[in-house]
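Below you'll find the structure, written out as structure tokens, and then a few comments.
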Amino acid sequence: MEILFYGIINSISLALMALGFTLVYGISRVPNFAHGALYVFAGFLTWIILNKLGLPYPLAILLALICSALLGAVISMGVLVRIRGMEMSEVIATYALGVAILEGFRWAGFKGMTYTLPPFFKGSVQILGVPIDYQRIMVVVLGVAVLAALWLFTRLTRMGLALRGIAQDERAAMMLGIDSDFAATIAMGIGCALAGLAAVILLPLGNIVIEAGYNVLIFAIAVCVVGGLGSWGGAVIASFVIGFAQILTVAYIRPQFQMVVALLAILVTLIIRPSGFFGRQKELEERV
Amino acid sequence: MIEARDLMVFYENMIAVNNVTLHCDDGQIVGVFGANSAGKSTLMYVLSGIILDIQRKERMRGGERVTVFSKITYAGKDISLMKPHERAREGIILCPERRRIFPESSVLENLKIGAYLASKEQAKETLDYVFSLFPTLDRLKDRQGGFLSGGEQQMLAIGRSLMAQPKLLLLDEPLLGLAPSIQKDVIRVIKEIRRDRRISIIVTEQYARPVIPIVDYAYILENGSAVMEGKGKELMNNPDVKAAYFGV
């Protein structure tokens, strides 16, 4: 029972971490290696606004998310638009930016275990004999809500539909009047806001540490590689596969092996099926 | 409506479009005919501005050097340097070769993505119009674009372009790979679109015979140059053209 509940929570946490990454990649084919840095950025920013400026918690979260989105948009407009299409440059540029952000925080003195965000609600409940704190329930609720909101956004709004068009065939979308650079910037903004959202939802469960940036990036990449890069459905399924694999590893082997599971998942996927296990796009192309 | 003077496009040192001048009046259907690699698609890319995007991407990658000389006036404005999405906003919509349907989106969603530039009322009105033109699409509304047949995809591509509220519709080889009976449908629809929506249309095709009865004016491209031009009927009676493009 415990494994089931914590597996679900862990899986949804992974999905939250990976969602922004897969969204950006799916729409603009940019592997955003600064994703983890944006996660930590949002965490520290929330902490700063909360503790140094003394603003209320919800407002701090909102401000941090807006700042993450803006930072993402600035990165997209200032850097990525100029190098789009050159994959190696995109990886190097985003990774460099990510490291700069993370090490910038370290340089500014944000290290150690002293930085924590308060949970949204304190306390815990017993569900079928398993104690679960409210924050973890919030993870599940908000995770599902974010997924649903994104699904609706890309199906019902003009901008969301335009992003779907760009994701599938950039030039065909351009012919219909959709500005691909603008769409890439919007996608990057949303992706980074999602990284920030994952941070404010997940960080109250532990400390804000610089290393989380690198871990989140690896988790996000693992989920996306296993699920098929750019495929949302695949990413969600993959988070459940990896999420449960991690929890089982923690329960039956050793807790330290969590990261190994993610890395192993990347390796195995790349050896067996490099396009990912749940990517639908390739399949379709083969049929037509 | 649109006037393109002295268009020149080079891919590296190969000339793709050589000194072509093309003209399309309000409400006209203009045909551009030519064999493979005559420069039809490149010409469409120049008119729609896609060539500028190709040029930019190739330059960023350090790939092929694309050189474009163009002077295009559209509705009295010089649009030679306008980006493709800005031209689309002005009403120049390209319905590309090989259709380029969004394969993972349903038919309805393809059309909705097409309506990016349309207002809510326009989108609704055009959607009804597209379904009245192509009842098949109405029936297949929820099918994924990638699973449609070639003819259905072509209908969808035309419908999607219409959703973008074109004033000048560029149809690049709309008959490519279609059965003769479906070709006839598409031709009929092109005529209907012009009649119902007062849209100017430039259509390219390899094989002129099915298209030439509906065009007002036609150009014939060979190796990038416009070797002949004239009213549709005149061209049809020209013996050289007959031999080369009608398969007589």
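Letters A, B, ... are given to chains in the order of the sequence lines, protein chains preceding strands, and every chain is numbered from 1.
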If you compare all heavy atoms of A/Ile8 against all heavy atoms of A/Phe244, which two are closest, and at what distance to 0.1 Å? N-CZ, 3.6 Å

What's the shortest heavy-atom distance between B/Met60 and A/Arg82, and which atoms? SD-O, 3.0 Å

Whatever's closer than 4.5 Å to a heavy atom in chain A on B/Ala115 counts as backbone

Note: vs chain A, highest number of non-hydrogen pairs under 4.5 angstrom among B/Ala118, B/Ala164, B/Pro166 is B/Ala118

Within 45° of the six-membered ring axis of B/Phe10 and under 6.0 Å from that ring's centre, is NZ or CZ of B/Arg65 located there? no

Heavy-atom distance under 4.5 Å to chain B: side chain of A/Met174, backbone, both or neither? both

Any chance you could measure A/His35, atom NE2, to A/Tyr25, atom OH, to the nearest 0.5 Å? 15.5 Å

Please rank B/Cys95, B/Gly62, B/Ser105 by heavy-atom pairs under 4.5 Å with chain A and give me the top one. B/Ser105

To the closest 0.5 Å, what do you measure between CG (B/Asn110) and CZ (B/Arg143)? 13.5 Å

Face-on cation placement of B/Arg139 at B/Phe131 ring, 6.0 Å and 45° thresholds: no

Stepwise side-chain contact (heavy atoms from CB on, under 4.5 Å) check, A/Leu197 with A/Val146: CA-CA 9 Å; A/Leu197 189 64; A/Val146 167; 3.3 Å; yes

Residue part contacting chain B, namely of A/Glu87, when any heavy atom lies under 4.5 Å: neither

What's the spacing between A/Asp181 CG and A/Glu170 CD if we round to 0.5 Å? 8.0 Å

Contacts of residues 36-58 of chain B with chain A (heavy atom under 4.5 Å): B/Tyr45, B/Ile50, B/Asp53, B/Ile54, B/Arg56, B/Lys57

